2 protein chains.
Amino acid sequence: MRGEQKRRLLMAAAARVLHEQGVERTTIADIAEAAGVPTGNVYYYFKTKDDLVRAALGEHAAHLAALTAELDALPDPRERLKALVASWVGQREVAARYGCPTGTLAVELDKRDDGLDAEAGRVVRLLLDWAAAQFRALGLPDPDGLAITLVGAYQGMSLLANALRDPSVVDREGDRLHRWLDDL
Amino acid sequence: MRGEQKRRLLMAAAARVLHEQGVERTTIADIAEAAGVPTGNVYYYFKTKDDLVRAALGEHAAHLAALTAELDALPDPRERLKALVASWVGQREVAARYGCPTGTLAVELDKRDDGLDAEAGRVVRLLLDWAAAQFRALGLPDPDGLAITLVGAYQGMSLLANALRDPSVVDREGDRLHRWLDDL
DNA sequence: GTCTATAGCCTGATAGAC
DNA sequence: GTCTATCAGGCTATAGAC
């Protein structure tokens, strides 16, 4: 299955390059080059550029699912949430340079009125739902609202770290979120 | 001064259209049409598309300066900050449809390595500096950190409201920020 | 199945008429 | 100063050779 391998290579390259350069500034040739595949050949695996963007969104969703599955191994929901915050802090350099992969993609795709804008929102919702489940397990009131506060803080600190090119924003806000989770 | 008038018309149109459609998906023709100016004529007023983007950033900065100047008329710094939050809530429909003008522009421009990425950060910093000044006037410790928390919450709730197409996110987080400011 | 060459379109920018 | 016509370049996508 050489074909399936190349397809996966292209999906991974698309996820990375689209995050770094943005959707509109990235050409098919950019993704092909990053994957080591001839430019025109990309169309054998993905009919359109939008299909590649969709595949990249799927990659990010899969990555998120893997992360939350890992966190689910922890016994205490509060510890799971704190470990999530810790993983955000661990990605501070990436956040400062390119922003949150899902968040920046959502911002860009939301400027469109084709179907892709809604799909970005679905990936964001995966994280919101998982976080809400943890707050619910802790018996806290308004778990959905708390999830929005937590994920909103993540998106906000990623955006600011990116706009200011300053990873320390993530450190500071990460500490604050840790205390916030402890005090809930 | 017919020329200066048209120039201002183009700047206002650029600020609006670039916010709604994003930088990369907006053509010179789009902005020209929104301003009621013939397409090619735009280049008489702005040498390049990047110049127009810069002008749009300037418009957003001016709008922000006007807002903070208005808030400065309030006697109490805490009331100024709460009025800022209230103005964000008042813009919830726009935030849900197009996101924060400065924030979404910063996300898109940060994907570039020319000079424009840094200029978006400068506009964000205007708001941060003003907020920090209010916290400082209240005698609170770490005013810069508090400003990042406040503006980060704004950017986060705007992004989520936009990605989920749900203005109620802004209402909920606005209420929370109001309580947070009261309890500081 | 894999890749190349190229068509066709759109965009930013310009030259020059008025 | 204002506007039109048009060019050059780069992009997505396809047709068809291997």
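Computed from a prediction, not measured in an experiment: that's the story for all the values here. Just so we're on the same page: letters track the sequence lines, and every chain starts at 1. As a basis for the values below, the full set of heavy atoms in this structure was taken, side chains included, without hydrogen atoms, waters or symmetry mates.
OP1 or OP2 of C:dA13 sits under 4.0 Å from a side-chain N or O of B:Y43. For the OP1/OP2 pair of C:dG1 and a distance below 4.0 Å, the side-chain nitrogens and oxygens of A:Y45 include no atom meeting the criterion.
Protein atom CD1 of B:I28 is 16 Å distant from nucleotide atom P of D:dT4, rounded to whole Å. Atom CD1 of B:I31 and atom P of C:dG12 are 8 Å apart (whole Å). The nearest whole Å value for the distance from the CZ atom in B:F46 to the C1' atom in C:dA13 is 16 Å. Atom CZ of B:R25 and atom C1' of D:dC11 are 14 Å apart (whole Å). Straight-line distance from the CD atom of B:E33 to the P atom of D:dC3: 16 Å, rounded to whole Å. The OH atom of A:Y44 sits 8 Å away from the C1' atom of C:dT2 (whole-angstrom rounding). Atom CG in B:N41 sits about 14 Å away from atom P in D:dA5, given to the nearest Å. Per the geometry, CG belonging to A:L52 stands 10 Å off P belonging to D:dA13, to the nearest Å.
Between B:K82 and B:D182 there is a salt bridge, since a side-chain N of the basic residue sits under 4.0 Å from a carboxylate O of the acidic one. Look at A:D110 and B:R97 and you find no salt bridge, because none of the NZ, NE, NH1 or NH2 atoms lies under 4.0 Å from a carboxylate O. A salt bridge is absent between A:R176 and B:D142: the closest approach of a Lys/Arg side-chain nitrogen to an acidic carboxylate oxygen does not fall below 4.0 angstrom.
In this structure, B:R7 forms no cation-pi arrangement with B:Y44, as its terminal cationic atom is not both closer than 6.0 Å to the ring centre and no more than 45° off the ring axis.
Here A:T39 lies out of heavy-atom contact (under 4.0 Å) with every strand.
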